[in-house]
Protein chains: 2
Amino acid sequence: MSKSLPAVITTLERAGGFASAQEVFQLMRKQGKPTGLATVYRALQKAATDNTVDVIRKDDGEALYRLCATGHHHHLVCTSCGKTVEVEGSAVEKWANSVAKNNGFKKVSHVVELFGLCQKC
Amino acid sequence: MSKSLPAVITTLERAGGFASAQEVFQLMRKQGKPTGLATVYRALQKAATDNTVDVIRKDDGEALYRLCATGHHHHLVCTSCGKTVEVEGSAVEKWANSVAKNNGFKKVSHVVELFGLCQKC
DNA sequence: AATGATATTGATAATCATTATCATTTTATG
DNA sequence: CATAAAATGATAATGATTATCAATATCATT
């Protein structure tokens, strides 16, 4: 499951920021590398589990992907204007892992989002 | 748009932690207060914009709601059987507050959920 | 009470991202 | 070359969420 992955990653790179699977699909088509929708999804999923892309969710639930140059991090979002700051979270990771261990859980993932009001708002 | 809202909130309260709109809908039915699905969605949306409930997204994108004011703890949820463990999170709170401070944010709230596989699964 | 204006509800259909299916094509390997 | 295994992509299925719209409840005013 990897002939398409590089092309998908390249497209995501060109997209610049966050892009949905559907957008990547359209972009690849326009760039002369038409690829099946299912394949785009598969590639993005793999990239997500490999931690080569970040995944966040729009308000309507659609997944957005972005190349993840900086490793795992979280977001601090202004509830008024939507401004988003990336936040490093190694402390949270450690905490999550120890909690999981103490309760006999494996393959732990976590969701951490911070909300608040930014200076301007 | 408010006759149903109290009943929805009460149901969410009884649910204990996070619950999806679909779950709330089923619960209300079982508790003898059958309510239209659309109405449940409307009530939860309003509660979300009023900040009386928190919203997070499961890995598959489904929205989960929880009363905001309930004492602060987090959940470790088994993605297979649904078993849920309540988790204390003062470490996370401190981290969240300092992150917010460093970025000039105020009135910070946070959403932290852990997912994994429990021992049995 | 009766009227009418307005808001709420809920059954149902429509939307749309995501996943599953599966036949076909490609790649790897002996 | 031949055969097995993996990858692809067209298409259908799934499922949460949203839109529609007629029916019902609410409420102020007469």
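Order of the sequence lines fixes the chain letters, A, B, ..., with proteins taken first and strands second; residue numbering starts at 1 for each chain.
A straight line from CD of Gln26(B) to P of dG10(C) spans 15 Å, rounded to a whole angstrom. If you take CZ of Phe25(A) and P of dA17(C), they are 12 Å apart, rounded to a whole angstrom. In this entry the distance linking CG of Leu64(B) with C1' of dA16(D) reads 12 Å, nearest Å. The separation between Leu44(B) atom CG and dG10(C) atom P is 14 Å, rounded to whole Å. Whole-Å rounding puts the Lys58(A) NZ to dA17(C) P distance at 8 Å. If you measure from atom NZ of Lys46(A) to atom P of dT19(C), you get 16 Å, rounded to the nearest angstrom. Rounding to whole angstrom units, CD of residue Glu23(B) and P of dG15(D) are separated by 15 Å. Between the C1' atom of dG9(D) and the CZ atom of Arg29(A) lies a distance of 11 Å, rounded to the nearest Å.
Pair assignment for dT11(D) gives dA20(C), based on Watson-Crick or G-U wobble hydrogen-bonding distances that are each under 3.5 Å.
Every side chain to side chain contact (heavy atoms under 4.5 Å, CB included) that Glu62(B) has, sequence neighbours left out, goes to Ser20(B), Gln22(B), Lys58(B), Asp60(B). Judged as a salt bridge (charged side-chain N to carboxylate O under 4.0 Å, His left out), and not counting sequence neighbours, the contacts of Asp50(B) are Lys46(B). With sequence neighbours excluded, the residues that form a side chain to side chain donor-acceptor pair (under 3.5 Å) with Gln31(A) are Arg14(A). Ala48(A) meets the side chain to side chain contact (heavy atoms under 4.5 Å, CB included) test with Val53(A), Val55(A); sequence neighbours excluded. Listed by chain and number, the residues in a side chain to side chain contact (heavy atoms under 4.5 Å, CB included) with Ala15(A) are Ala19(A), Leu27(A) (sequence neighbours excluded).
At a threshold of 4.0 angstrom between heavy atoms, the contacts of Thr35(A) are confined to the sugar-phosphate backbone, with no base atom among them. Using a 4.0 Å heavy-atom cutoff across all strands shown, Gln22(A) reaches at least one base atom of the nucleic acid.
Taking 4.5 Å as the limit, some side-chain heavy atom of Leu12(B) sits within range of a side-chain heavy atom of Tyr65(B). Here the side chains of Phe105(B) and Leu114(A) are not in contact, with every heavy-atom distance at 4.5 Å or above.
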Between protein and nucleic acid, restricted to nucleotides 18-25 of chain D and to nitrogen or oxygen atoms under 3.5 Å apart, what atom pairs and distances do you find?
| unit_1 | atom_1 | unit_2 | atom_2 | d |
| --- | --- | --- | --- | --- |
| dT18(D) | OP2 | Gln45(B) | NE2 | 2.7 |

